[in-house]
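Letters A, B, ... mirror the listed sequences (proteins, then strands); counts begin at 1.
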Amino acid sequence: MTGLAPLLDPGAAAGADERLSPRSAARRLLGRPELGAVVGAVAVFVFFAVAADPFLHWSSFGTVLYASSTIGIMAVPVALLMIGGEFDLSAGVMVTSSALISSMFSYQMTADTWVGVGVSLLVTLAFGAFNGIMLVRTKLPSFIITLGTFLMLTGLNLGLTKLISGTVATKSIGDMEGFPAARDVFASHWTIGSVDLQVTIAWWLGLVAVATWVLLRTRAGNWIFAAGGNAEAARAVGVPVARTKVGLYMAVAFCAWISGQHLLFSFDVVQSGEGVGNEFLYIIAAVIGGCLMTGGYGSAIGSAVGAFIFGMTSKGIVYAQWNPDWFKFFLGAMLLLATLLNAWVRRRAEATA
Amino acid sequence: MTGLAPLLDPGAAAGADERLSPRSAARRLLGRPELGAVVGAVAVFVFFAVAADPFLHWSSFGTVLYASSTIGIMAVPVALLMIGGEFDLSAGVMVTSSALISSMFSYQMTADTWVGVGVSLLVTLAFGAFNGIMLVRTKLPSFIITLGTFLMLTGLNLGLTKLISGTVATKSIGDMEGFPAARDVFASHWTIGSVDLQVTIAWWLGLVAVATWVLLRTRAGNWIFAAGGNAEAARAVGVPVARTKVGLYMAVAFCAWISGQHLLFSFDVVQSGEGVGNEFLYIIAAVIGGCLMTGGYGSAIGSAVGAFIFGMTSKGIVYAQWNPDWFKFFLGAMLLLATLLNAWVRRRAEATA
Amino acid sequence: MTTPHTLGKDAPQPGTPLVALTGVAKSYGNVRALRGVSLEVHAGQITCVLGDNGAGKSTLIKIIAGLHPHDAGTYAVDGEEVRHSSPRQALDRGIATVYQDLAVVPLMPVWRNFFLGSEPTKGRGPLRRLDVAAMRATTREALARMGIDLRDVDQPIGTLSGGERQCVAIARAVHFGAKVLVLDEPTAALGVKQSGMVLKYVAAARDAGLGVVLITHNPHHAYLVGDRFVLLKRGTMSGSHLKEAITLDALTREMAGGSELDELTHELSRTPAVTEPADGADPETRA
Amino acid sequence: MTTPHTLGKDAPQPGTPLVALTGVAKSYGNVRALRGVSLEVHAGQITCVLGDNGAGKSTLIKIIAGLHPHDAGTYAVDGEEVRHSSPRQALDRGIATVYQDLAVVPLMPVWRNFFLGSEPTKGRGPLRRLDVAAMRATTREALARMGIDLRDVDQPIGTLSGGERQCVAIARAVHFGAKVLVLDEPTAALGVKQSGMVLKYVAAARDAGLGVVLITHNPHHAYLVGDRFVLLKRGTMSGSHLKEAITLDALTREMAGGSELDELTHELSRTPAVTEPADGADPETRA
Amino acid sequence: GCSSTGGKRAEDRAKRLAANGSAVNTPHWTFAMVTHSGAGDTFWDIVQSGAKQAAAKDNIKFVYSSSDQGDQQAQLVQAAIDSHVDGLVVTLAKPDALKAVVAKAVSAGIPVITINSGAAQSRQFGALTHIGQDETIAGNAVGEELNTRGKKHALCVLHEQGNVGLEQRCAGAKEKFTGQMDNLYVNGTNMPDVLSAIQAKLQSDPGIDSVVTLGAPFADTAAKAKQQAGSKAEIDTFDLNAQVAASLKNGTIGFAVDQQPYLQGYEAIDLLWLYRYNNDTLGGGQPVLTGPQIVTKDDADALLSYAKRGTR
Ligand SMILES: Nc1ncnc2c1ncn2[C@@H]1O[C@H](COP(=O)(O)OP(=O)(O)OP(=O)(O)O)[C@@H](O)[C@H]1O
Ligand SMILES: Nc1ncnc2c1ncn2[C@@H]1O[C@H](COP(=O)(O)OP(=O)(O)OP(=O)(O)O)[C@@H](O)[C@H]1O
Ligand SMILES: [Mg+2]
Ligand SMILES: [Mg+2]
């Protein structure tokens, strides 16, 4: 080390570098991906606070948070997956599958609901592993693979439910053993003052925290960024890209399991046809939150902000009591504006930082 | 030239190169992207020919071709767009918008239907231009931009139709001037023997031919591949990337207009809620046909083969009279298998070619 | 496009540089990559830009090529001040560039890459189409003349070796360079023979009256063909010399920032001066 | 991992090459990139692989690094025959590689790229986490020692200059190279000073007992540090020499395929030998 | 160029619009309606028309929202509670999903009326009354009508997979139908797909003698498919619209089952108003049935004009 030190450029040791313009802490903050999205979220919040009277009630806040959390729980792993460079179109129906399996297993086997919950976890993780292994084995685009699983799960949900229950919905398991305990875990809520806070909010925040930790502070996180940013290069320096991707699909499956159990234990009965199309809400939340569609960039917190923007917008339009025929129009316009604002803020921050 | 010739490696001028293994013409053919998909198509065809008796009737062939063509017409520009590195989630509803505009304009203005058709063309192209210009101006991902347009168009379709017609569908324009002529162009059919061939099949094949010509033999085609393969590099060597992308979105709009007019003139009345979700069918067709999700690779013929595989599969399951509850399951499994076969064939062809 | 239309000037004066940058600056966000750099490119001369890694050479090139607009200073082509907002404009003014990262589209065939952005066509109206045969032939030829004997101009350029790709980019720029040829480390990935060919091309371009900007880390190459040398250091200009005014040794010394290659040669043939084990720093210094 | 467990051999015999390739071949589809190439890497020696562009040097490297499996021939590490199915296996056997296309993830910060695939952690169980401070410090240091003074190890590596990126890749390989160091044109994008530093590192690695494979197009560099020279031509071996057996001039001549740099120098200082105008072939020869 | 036939002008010429204002001076209450409908559904469009008509008459602010996903529908009801609406109309197609939130509304003192589906649960959840009837009953009516028409092999076309209401319609028809009944799933947002799928089904099974579509817009398409497939099947449908009325008249469609959606919307709002204004309930809280009514060629003339203005 010492032998080489004199070769160092003299300017190097000095802290400040003349090649850098000074940059304030506030500006640094604005440069972060997720904090760009926060500006969008604040704008949407202020907008609806003005445009919709009931939006500012505490009880509405609980509703908006709940709506955001149901999307947000899935948006977290979907964001990780997108950072890892892949898609999962089966995420939406997998939630329903997970709920159906849990419910039907418990009912048909007359087992304790916890047994059903456990079986559902295993099967759902197997779905995730199937997605991942197919992807890395066949090297087909994830769009195709998960589209296949999406269609197959949709068919399975309906076909099996009708085969077993005779209708498109499951039988009630509300009177079975273990149901109340499982409901406490997956579908309870606390009332604080006039606000009704669902347990999904806690799940959501917990998942965001864990995912952020994993992304930024663990080897797995490093590998996720690398797998999405440049899979070939990552493989060349020894990153287990295939294993990372399979893991990501299983993370999606795990969160689908949580969401599915919430669905089951809050409504007791599961409709087999639901969940189709929700995969796009998750992707939307992740993209609004700053994830790149092409992989290699994004954050879990961003996905949470994205889910929150989506939740606020979709419920805010209802609170504002605008003409429901135009609901989608307003939703599209608001999302576009929020993302534009976010991008604009970020670009400003970068240019002048 | 002559002065440098001696510097050339002696082996260069000779036709055969010792560094190449010999490669038969058949193998070369198999290496082409679209011809890999053809194998998948043949397999699906043979499968249903065996599994479903009515599948081989000539009249069924007409039905399958019609189903394929309605997807195929849109799959062509969607494939070009994907080669150019972008998505269009608004493609599905844009078809409906185009039909609605045409119908409502003619009706409300009591104008000749051709006037409505013309106005619809202009407005639809404007939608496409909006998508493209927003994309190149804001530099947001196309997923977000076209998701915004998708939602807004969905809202507009419903909102405007209800505002103008009072119901969720348009009024009939079947008794208006110009209708029969327009129907001949967009929604006629010929009966050849027992086969009923819809005019959409001709539109489809025509579009595939034009798109193939553009892709392989024009400057615009070169630019499309370059814009999708490496937009920065393309810009650096002087390719008008922004203009190319706007053009691609307008091509999608143009085909949406054709499909929309077909919808209007074959069903006379347009339901404002139609078209949602069809954008994915187009993308599916393009991807099955070998387009890369990441851009820079694919073909128009491939998209046609993809549409045909999709059409055969979805109708073949009906002809086979399998349990309809499992329809989606079979659809997913067949698509996955066809794509797997296609990928496998291609890989074999490349490895041994 | 080639005749400037500035008021008061009818044609570039003899001696007017083809390209003149004065006090140019460029920042990427808060990174100041370039400050106060001036440079002239004259017809029939080769201007070499030299400097350490990260000195800002490629940034300078990108400004000339129109890939980035400059933040400050002036940029004149044929005496007329310009501000390119796209590389197309620079190309249309006859400035062709080889970028360090090559600017190729990996999945496209070699011949399509070669002509990308300036495709020759034949036919008319709706029948206007690429002149594919000519494109293929020209590509093969241009590369063969550079000493690259391609098996197949139809293979995706991404499957070529690094040096082969480099040669395609150079051949392309040489083919399209009308007035100014800008080359960012063209010989970096090239073999001895290919390097020689490229330098020959550069010299030929100069002799044909083009202005050439050449970036290289090889002082031998630079001294061999260069007429003037611009030295960059940490984003600023640290010197500008005519060939007459500097020797190869002095140039090498300036490029190496004081340490000399000869000294290094000496050092390397002895027992090692570096006492460090190759697998990294000792644990204490780590954190 | 470092001790081989082949039957009948307890430890690598002195003189057993660290890496030995015999008659290796590799095809990409119908392109035969490599045929019948043999090569030995000994501890404390530098093996230079030389050859024209497209000769197959990088392909050879990729086989050693485990990125591609070989189609024919044998590949032995410490005398034990291996068949790597992923670069991880080669890394675990102590073979670290600098790829020509660098293998970096553009959007990731420099320090994350530096340690990618071999991240140091601290803590235990669920609290096991990246040792971020150490990673940052080590990166900065390792680069500084190479003469690269980075403003910010947190900037995405894609925003570094070509040479800076090259240095990160080299510093990484040097840091992790346990037994064999494989370098594919490491000095191609580097300045005079940085090239010198890299050669010093290579020499230091050799002296620390590592086996080194060095690919370069610069005969001066090769001759300066190399112990044995393997020459590739169009995918086959065209020669293999020990340093004692060849002079710099002969090496240069072999690398240039007969034509000589001196001759070129001569030619370039005269009026041009190339009669062609720089903008391309004449119309007749085109199609 | 202008068309001398049809179009808006023709409609205007025929139209006599009576200006209507509210007839009462009660406060401007807000009533919300939350249904399980997808966007742009014709049936629910007519329900809304009825509700709006009643709202205009009763000086009510009418707010409509809908989602075809159970949990979303529950969230929309919650949003209505958060907004402190003065009355609530919900559909109980997925009763379990709405159970908790309806109870919440009731305990918040919001009067609730259920419409369309949920006759069985309405009372139990604490609603004032139920208007309309189960899709199953409508389905039963179709099954019986098919029997009387002597059909042997029917096809039930579901335009959305996994939709409870549609499944109930088919299941109800199957229950009473003595012949064989097949289901066919089509993609309702893709009319060409509906056309080709029905066509394929008719081609593969020439024995089918009746096709039942579950929504008015699909009846015409089914008729088209029948013609192109050269089938002799009779086309029947649930719900009405102008095309169905016209087709009934010219005999392309055999019969249609009407649940009088207009009435469901109108009555729900009107009864809520009556309850708030006068604490009235109808029939002691027993379900009020709005159908099913089988309409055929004979009723077509009268229905056509109503269907055209969107109230039948
Ligand atoms: N993935 C691939 N597919 C097809 N051909 C390839 C592929 N990679 C390399 N080749 C071909 O194999 C040959 C050897 O390539 P390689 O990269 O090993 O050359 P190299 O000796 O490293 O050249 P350079 O000095 O230019 O880097 C080249 O002719 C190249 O075109
Ligand atoms: N897009 C960018 N964003 C931020 N910083 C950048 C960007 N591009 C270059 N830089 C920085 O600007 C400085 C100059 O870069 P440039 O590429 O011009 O150097 P160079 O002289 O070409 O070096 P080399 O010889 O290594 O190619 C470098 O320190 C680099 O880190
Ligand atoms: Mg550079
Ligand atoms: Mg190489």
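Residues D:W111 and D:F114 keep their aromatic ring centres 6.0 Å or farther apart.
Contact annotation for D:P156: neither backbone nor side-chain heavy atoms come within less than 4.5 Å of a heavy atom of chain A. At a 4.5 Å heavy-atom cutoff, the contact between D:L91 and chain A is made by side-chain atoms alone. Only the side chain of D:L107 has a heavy atom closer than 4.5 Å to any heavy atom of chain A. The part of D:V104 that comes within reach of chain A is its backbone (N, CA, C, O), which places non-hydrogen atoms under 4.5 angstrom from that chain. Proximity to chain A (any heavy atom under 4.5 Å) is restricted, for D:T121, to the side chain, taken from C-beta onward.
The residue among A:G229, A:A236, A:A233 with the most heavy atom pairs within less than 4.5 Å of chain D is A:A236. Among D:R172, D:R88, D:E119, D:K62, the residue making the largest number of heavy-atom pairs under 4.5 Å with chain A is D:E119. Contacts with chain D were tallied for A:N222, A:T218, A:N230, A:V214; A:N222 has the most, counting heavy-atom pairs under 4.5 Å.
Judged by a 6.0 Å distance limit and a 45° cone about the ring axis, A:K245 is not positioned over the six-membered ring of A:Y249.
With D:N113 contributing its side chain and D:M108 its backbone, the two residues share a donor-acceptor pair below 3.5 Å.
Remark: of the listed residues D:V77, D:T97, D:L39, D:V49, D:L39 is the sole one forming a side-chain contact (heavy atoms from CB on, under 4.5 Å) with D:I64.
Between A:F186 and A:W203, the two ring planes are parallel [angle under 30°; tilted spans 30° to 60°].
Side-chain contact between D:F115 and D:T138 is present, with at least one heavy-atom pair separated by less than 4.5 Å.
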